[in-house]
Protein chains: 2
Amino acid sequence: MNKKSSSPKSERILDVAEELFAMHGYDGVTLRQIATGAGVDVALASYHFGKKMDLFNAVFARRAGELNESRLSALRQCQERAGKKGPTVEQIIEAFLRPLEIAQETGDEGWTNYLALIAYVNNSPYWGEKMMSKLFDKLVLEFIAALRTALPDARDEDLYWCYHNLSGALTLTLAQTGRIDKLSGGKCRSSDFQAAYDHMIPFTAAGFRKVCGGKGKG
Amino acid sequence: MNKKSSSPKSERILDVAEELFAMHGYDGVTLRQIATGAGVDVALASYHFGKKMDLFNAVFARRAGELNESRLSALRQCQERAGKKGPTVEQIIEAFLRPLEIAQETGDEGWTNYLALIAYVNNSPYWGEKMMSKLFDKLVLEFIAALRTALPDARDEDLYWCYHNLSGALTLTLAQTGRIDKLSGGKCRSSDFQAAYDHMIPFTAAGFRKVCGGKGKG
DNA sequence: AAGCATATTCAACAAGCGTTGAATTAGCAA
DNA sequence: TTGCTAATTCAACGCTTGTTGAATATGCTT
């Protein structure tokens with residue numbers, strides 16, 4: 001077990017597990033469903049990844065590095081463009097969100113599933129704290145630092161609560177629950193990520209400005 | 001099965017199921033865990049509620065009516081107070097959120113668990129659409145109608161997306177993932193509901209104003 | 001082609017699952 | 001007390017689960 005190999009079947013196990021875990025959660029998926037979906041024997045998942053929980057962790061960690069890099073790169077890029085005065089709240093939030101939208105719209109369904117899985121973990125009272133922090137806290141604190149610079153009058157506590165609200169709005173978008181579809185009678189589609197992010201950016205930016213001061217920048 | 005009785009043990013089954021389902025989700029909980037937690041035999045749950053899914057539905061529906069009533073009553077009350085000109089965005093959002101905060105802070109742990117369960121369902125791609133709509137859409141549309149009156153220039157589509165962001169921020173708060181605790185190094189606690197709602201109201205209200213027009217009311 | 005490590009399947013296990021029918025207890029009416 | 005009904009437990013079922021050890025296939029090196 002715990003081989004670092006990446007045979008084609010091994011990748012397909014990860015892909016199918018990603019999709020099913022995102023949809024039904026950890027306990028809602030059996031190794032046999034995953035194996036069947038990947039077209040392999042049940043024992044192969046154990047051979048490559050060990051216990052079921054190890055497979056879950058492997059799925060969760062697989063794309064984390066790439067995601068963090070693309071978000072951090074987006075932040076650095078907008079910071080360089082802004083020069084000495086630093087980027088605006090909108091620009092920082094855009095750097096935080098757009099890489100996700102792009103990942104969801106590349107046509108690579110795997111990324112959409114992976115982000116839905118993040119939503120599942122982030123919203124889970126049981127898994128949330130333990131699993132998210134390890135992989136994403138460093139990056140998030142980087143963004144919060146940028147926001148602190150853009151909102152110099154902000155109290156630290158307020159900054160964190162505002163991030164919490166941003167994170168919640170984002171999480172629900174990643175989960176694609178389809179609730180907005182039914183509620184709006186078809187006017188909004190949860191699969192229309194561009195519309196979701198286009199609305200989320202000004203919405204959350206205005207929230208940050210209101211709660212964290214910045215009267216001069218309205 | 002499907003008896004309408006409410007013996008003391010029957011209620012305890014619902015209470016324990018509520019807590020465990022909220023924590024681990026539908027598939028993460030076994031009837032035997034619930035029975036053990038409630039101090040009864042495993043067959044008793046089936047006797048009172050039928051299949052496992054029926055028990056889940058019973059838990060989910062038990063407090064829905066009371067919750068809807070208290071929220072609707074809060075809305076009507078703030079509408080009466082506001083008189084002819086109608087309530088502000090902040091007042092409407094406050095009516096939407098405060099009943100939840102109160103429920104979480106009555107000391108009755110059951111309500112906290114129930115709201116965490118709502119968060120679980122609302123964020124689930126699989127359960128979200130089917131289960132939430134039936135019980136809560138009517139009330140939500142009532143609030144959106146009130147917001148439409150307070151923001152007369154808003155496009156309907158924008159109104160729904162803004163509600164989506166509000167719903168996301170709220171959902172993450174209800175789930176109490178503890179992520180904000182670790183992230184802020186203890187400056188924010190996810191169990192401090194008052195702080196959460198005190199920040200959420202101005203945050204989301206500013207978002208609605210920004211996205212849905214209302215320049216004259218800023 | 002022979003050898004060897006890796007990859008994959010096969011077969012089976014013990015444990016736990018939801019569910020059910022029969023047996024037992026508790027609560028209440030006559 | 002005697003019934004009768006609802007509430008609860010007991011015991012067991014067929015099935016699925018995660019996991020593992022042995023057997024087979026595959027691919028690469030020599």
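Every value quoted in this text rests on a predicted model; they were computed, and no experiment measured them. In what follows, every heavy atom counts, from backbone to side chain, and hydrogens, waters and symmetry copies are set aside. Chain letters run A, B, ... following the sequence lines, proteins first, then strands; residues in each count from 1.
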In whole angstrom, give the distance that lies between atom [atom1] of [X] and atom [atom2] of [N].
X	N	atom1	atom2	value
B/Leu44	D/dA11	CG	P	16 Å
A/Ile13	C/dT9	CD1	C1'	12 Å
B/Asp54	C/dG18	CG	P	14 Å
B/Phe49	D/dT8	CZ	C1'	14 Å

Q | Pi-cation contact, B/Phe49 with B/Lys52 (under 6.0 Å, within 45°) | A | no
Q.
Distance to the ring centre below 6.0 angstrom and angle to the axis at most 45 degrees; does that hold for A/Arg62 and A/Tyr114?
A. no
Q | Closest approach of A/Ala17 to A/Ile34 (non-hydrogen atoms, all atoms of both residues) | A | CB-CD1, 3.9 Å
Q: Compare every heavy atom of A/Ala116 with every heavy atom of A/Gln176, then report the nearest pair and how far apart it is.
A: NE2-CB, 4.4 Å
Between [X] and [N], is there a side-chain N or O to OP1/OP2 distance below 4.0 Å?
X	N	result
B/Lys52	C/dC17	no
A/Tyr47	C/dT8	no
B/His48	D/dT8	yes

Q) Which nucleotide in the set D/dA7, C/dT19, D/dT9 lies at the smallest distance from any side-chain heavy atom of B/Asp41? A) D/dT9
Enumerate, atom names and distances included, each donor-acceptor pair closer than 3.5 Å involving a side-chain atom of residues 72-79 of chain A, sequence neighbours excluded.
{"unit_1": "A/Arg76", "atom_1": "NH1", "unit_2": "A/Gln79", "atom_2": "OE1", "d": "2.9"}
{"unit_1": "A/Arg76", "atom_1": "NH2", "unit_2": "A/Glu142", "atom_2": "OE2", "d": "2.8"}

Can you check nucleotides 22-26 of chain C for protein contacts, nitrogen or oxygen pairs under 3.5 Å, and list what you find?
none

**Q.** All salt bridge (Lys or Arg N to Asp or Glu O under 4.0 Å) counterparts of A/Arg189, not counting sequence neighbours
**A.** A/Asp192
Q: Give me the residues of residues 27-36 of chain A where at least one heavy atom lies under 4.0 Å from an atom of DNA chain C, by number, or none.
A: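 When residues 27-36 of chain A is checked for heavy atoms under 4.0 Å from DNA chain C, the hits, listed by number, are A/Arg32.
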Q.
Pair A/Ser190, A/Thr177 - check side chain to side chain contact (heavy atoms under 4.5 Å, CB included), show working.
A. CA-CA 7 Å; A/Ser190 55; A/Thr177 65; over 6 Å; no
Q. Is B/Val40 touching bases, backbone alone, or none of the nucleic acid, heavy atoms closer than 4.0 Å?
A. sugar-phosphate
Q. What ring pair (Phe, Tyr, Trp, His ring centres under 6.0 Å) pairs are there with at least one residue in residues 51-70 of chain A, not counting sequence neighbours?
A.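 Sorted pair list: A/Phe21-A/Phe56, A/Tyr26-A/Phe56.
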Q: Scan residues 160-180 of chain A for pairs that pass salt bridge (charged side-chain N to carboxylate O under 4.0 Å, His left out), counting only residues two or more places apart or in two chains.
A: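 Found A/Arg179-B/Asp137.
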